[in-house]
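The sequence lines fix the lettering, A, B, ..., with proteins before strands; numbering per chain opens at 1.
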Number of protein chains: 2
Amino acid sequence: MKKHIPEKTVARLLLYYRYLYFLLQQGTKNISSKSLADMVEIKDSQVRKDLSYFGKLGGQGAGYDVLALRDMIAKVLDIGQITNVCIIGMGGLGSALASYKGFEALGFKVAAVFDNAANKVGHRLRGHTCLDSKELSKVVAEKDLKVAILTVPGEAAQKTSIALEQARVKAILNFTPVKLSLSKNIKIRNIDLAMELKTLSFFVK
Amino acid sequence: MKKHIPEKTVARLLLYYRYLYFLLQQGTKNISSKSLADMVEIKDSQVRKDLSYFGKLGGQGAGYDVLALRDMIAKVLDIGQITNVCIIGMGGLGSALASYKGFEALGFKVAAVFDNAANKVGHRLRGHTCLDSKELSKVVAEKDLKVAILTVPGEAAQKTSIALEQARVKAILNFTPVKLSLSKNIKIRNIDLAMELKTLSFFVK
DNA sequence: CATAGATTGTGAATTATTTCACAATCTTAT
DNA sequence: ATAAGATTGTGAAATAATTCACAATCTATG
Ligand SMILES: NC(=O)c1ccc[n+]([C@@H]2O[C@H](COP(=O)([O-])OP(=O)(O)OC[C@H]3O[C@@H](n4cnc5c(N)ncnc54)[C@H](O)[C@@H]3O)[C@@H](O)[C@H]2O)c1
Ligand SMILES: NC(=O)c1ccc[n+]([C@@H]2O[C@H](COP(=O)([O-])OP(=O)(O)OC[C@H]3O[C@@H](n4cnc5c(N)ncnc54)[C@H](O)[C@@H]3O)[C@@H](O)[C@H]2O)c1
């Protein structure tokens with residue numbers, strides 16, 4: 001039950017969660033590791049190994065109870081408990097992310113959005129009143145923001161990330177192609193879409 | 001230039017490329033695997049192992065020639081040779097991606113954008129005239145589109161992906177949270193931003 | 001309620017990736 | 001020209017992730 005859970009397992013758990021959610025809506029009560037694996041296009045043993053981190057869940061011979069399994073994953077991943085996030089940089093990408101329903105479905109709430117441009121601050125953008133990034137520290141504390149989504153221009157990325165660390169944000173999802181240099185107290189995950197596109201096309205030739 | 005190159009190596013190559021590009025602008029002529037590794041926060045042996053897939057590059061005792069190394073990576077990754085891509089679904093996310101400069105920097109050109117909504121088709125969006133997705137097959141052939149970026153709503157994803165396969169696109173960068181079922185002839189890479197956010201916050205507690 | 005068939009949970013085996021460690025070889029300084 | 005120091009390239013070792021394989025145990029059926 002206890003040891004270290006690989007990041008990849010966490011990611012797959014989320015995929016399982018989506019399918020279980022879907023199965024429940026369909027009224028499906030029970031599922032085998034094989035069927036679940038087929039939906040995600042991985043091996044059934046991988047599904048079982050992933051789930052085994054969290055104790056006994058299905059009966060041997062029977063499959064898994066869809067509802068129970070979904071609830072277990074929801075619990076492990078803290079879905080249902082709301083995590084407040086903010087977005088810094090309400091340009092094209094930031095605005096798109098601000099209205100993405102997929103975050104809510106996993107328990108995230110975009111509780112504040114920031115920019116520093118005069119034509120944005122104070123205006124209503126995607127259902128949020130855009131705040132001045134100078135207010136970061138204040139708002140992070142007030143709204144208990146745990147995670148920041150960073151979508152400022154590359155040039156502003158490092159500076160802004162320092163402000164985020166000082167504001168005591170716990171983690172940053174970094175969409176800029178800049179390597180952020182911060183202390184180990186703050187967790188960073190980089191999303192590099194140009195790299196994804198290149199990696200995809202590399203293996204196409 | 002030998003055996004199978006791991007996907008992770010390709011991804012790191014791109015990171016190296018970015019730093020080498022930056023170093024060149026600074027006028028730096030030479031770099032060691034250690035310095036490059038430090039910038040990317042990995043081990044120097046990893047850098048050397050990655051580069052070793054492509055033959056001898058640096059001299060022992062000396063480091064690597066920045067220009068030569070950058071050019072080698074550019075060649076291996078086909079940067080410089082333009083790959084035409086298209087975007088299907090010019091909503092919030094599609095529009096943001098359509099004007100992302102980071103793709104160009106790696107040799108990608110957004111050569112067409114598609115939608116099926118009357119208020120978008122025929123209109124100018126982010127520097128592109130939005131085409132009707134009915135014209136997919138025709139335009140893919142005309143403009144030699146290799147890769148498609150899929151940003152339609154989840155409900156339309158599977159249907160649209162089939163149209164893409166029939167249009168002979170080689171690969172799809174899929175931003176929808178839907179598992180696309182297609183033949184093995186077409187390569188798919190899924191970007192699941194909600195999953196990224198969840199994976200990040202999972203390890204924060 | 002016994003038997004056949006299905007499916008889990010998990011060590012062991014396999015495969016993939018990262019890191020180590022060092023001979024080979026380059027640069028620089030004297 | 002030689003020695004000292006730096007740094008590569010790469011097998012071998014170590015780690016990590018995936019897959020296998022099977023005993024354990026459930027369900028369904030007659
Ligand atoms: N557009 C994309 O599809 C895309 C894809 C991948 C990565 N990115 C990266 O995401 C980032 C944003 O991209 P974009 O296309 O939305 O750019 P953008 O220029 O449209 O938006 C950037 C926004 O950040 C704001 N900003 C600038 N400095 C700021 C600061 N110090 N504090 C707060 N806000 C500030 C600007 O006012 C602007 O609204 C860039 O780093 C880009 O490289 C973008
Ligand atoms: N917005 C985000 O930040 C975000 C993040 C991650 C993933 N996604 C996913 O990306 C997709 C797009 O998100 P969005 O927020 O841009 O949605 P959106 O509703 O703003 O845009 C979707 C666009 O697709 C067009 N469309 C619908 N059916 C089509 C069809 N059959 N052919 C061509 N075009 C069609 C619509 O007219 C619309 O312009 C969704 O699947 C969403 O789940 C979005």
Side-chain angles (χ1 to χ4, degrees), chain A residues 1-16 19-20 23 28-73 76 195 199 202-203, chain B residues 1-16 19-20 23 28-73 76 195 199 202-203:
Chain A
M1 175 100 176
K2 251 304 132 194
K3 44 194 160 179
H4 177 255
I5 295 160
E7 201 167 285
K8 295 222 183 161
T9 291
V10 175
R12 282 190 298 261
L13 244 31
L14 235 3
L15 295 181
Y16 306 154
Y19 280 104
L20 293 167
L23 289 171
T28 308
K29 298 262 188 270
N30 189 274
I31 186 147
S32 69
S33 58
K34 183 67 170 66
S35 316
L36 200 46
D38 286 347
M39 296 198 221
V40 187
E41 286 180 337
I42 57 177
K43 286 275 193 301
D44 53 341
S45 54
Q46 180 74 82
V47 171
R48 294 198 299 279
K49 184 68 89 182
D50 284 341
L51 297 178
S52 76
Y53 286 102
F54 311 100
K56 276 219 158 46
L57 298 160
Q60 278 124 323
Y64 299 90
D65 182 81
V66 176
L67 181 59
L69 189 53
R70 190 207 54 172
D71 287 348
M72 188 284 280
I73 294 177
V76 167
M195 184 165 101
T199 307
F202 181 83
F203 289 104
Chain B
M1 274 296 176
K2 33 197 124 172
K3 45 191 161 182
H4 175 255
I5 295 159
E7 198 167 289
K8 295 223 183 159
T9 292
V10 175
R12 281 189 299 261
L13 243 31
L14 233 4
L15 295 181
Y16 306 154
Y19 280 104
L20 293 167
L23 289 171
T28 308
K29 297 263 188 271
N30 189 273
I31 186 146
S32 69
S33 56
K34 182 68 170 67
S35 316
L36 200 46
D38 286 347
M39 295 198 222
V40 187
E41 288 181 334
I42 58 179
K43 288 273 190 309
D44 54 340
S45 53
Q46 181 74 82
V47 171
R48 293 198 300 278
K49 184 67 89 182
D50 284 340
L51 297 178
S52 75
Y53 286 103
F54 311 100
K56 276 219 158 44
L57 298 160
Q60 279 125 324
Y64 299 90
D65 182 81
V66 176
L67 180 60
L69 189 53
R70 190 208 54 171
D71 287 348
M72 188 285 281
I73 295 178
V76 166
M195 185 165 100
T199 307
F202 180 83
F203 289 103

Notebook entry, point to check: With sequence neighbours excluded, what pairs up with A:M72 under the side-chain contact (heavy atoms from CB on, under 4.5 Å) test?
Noted result: A:L51, A:F54, A:L57, A:L69, A:V76
Item checked: Protein proximity profile, nucleotides 11-21 of chain C - base contact B, sugar-phosphate-only contact S, no contact -, cut-off 4.0 Å on heavy atoms -> BB----SSBBB
Check: Can a side chain N or O of B:Y64 be found less than 4.0 Å away from OP1 or OP2 on D:dG9?
Finding: yes
Notebook entry, point to check: Is the shortest heavy-atom distance from the side chain of A:F202 to the side chain of B:I5 under 4.5 Å?
Noted result: yes
I'd like a list of close polar pairs between nucleotides 28-30 of chain D and the protein, N/O only, cut-off under 3.5 Å.
none

Note to self: Applying side-chain contact (heavy atoms from CB on, under 4.5 Å), can you list everything that pairs with A:A11, at least two apart in sequence or on another chain?
What the structure shows: B:M195, B:T199
Next item on the list: Using the test salt bridge (charged side-chain N to carboxylate O under 4.0 Å, His left out), find all partners of B:R70 that sit at least two apart in sequence or belong to another chain.
Entry: none
Check: Would you call B:I31 and B:Y19 a side-chain contact if the rule is heavy atoms closer than 4.5 Å?
Finding: no
Next item on the list: Send over the distance from A:L36 CG to C:dT8 C1', rounded to a whole Å.
Entry: 13 Å
Margin query: Restricting to side-chain contact (heavy atoms from CB on, under 4.5 Å), what partner residues turn up for A:S32, sequence neighbours left out?
Written below: A:K34, A:S35
Item checked: Contact check, side chains of A:V40 and A:R12, non-hydrogen atoms, under 4.5 Å -> no
Next item on the list: Flag the pair A:Y64 / A:L20 as yes when at least one side-chain heavy-atom distance between them is below 4.5 Å, and no otherwise.
Entry: no
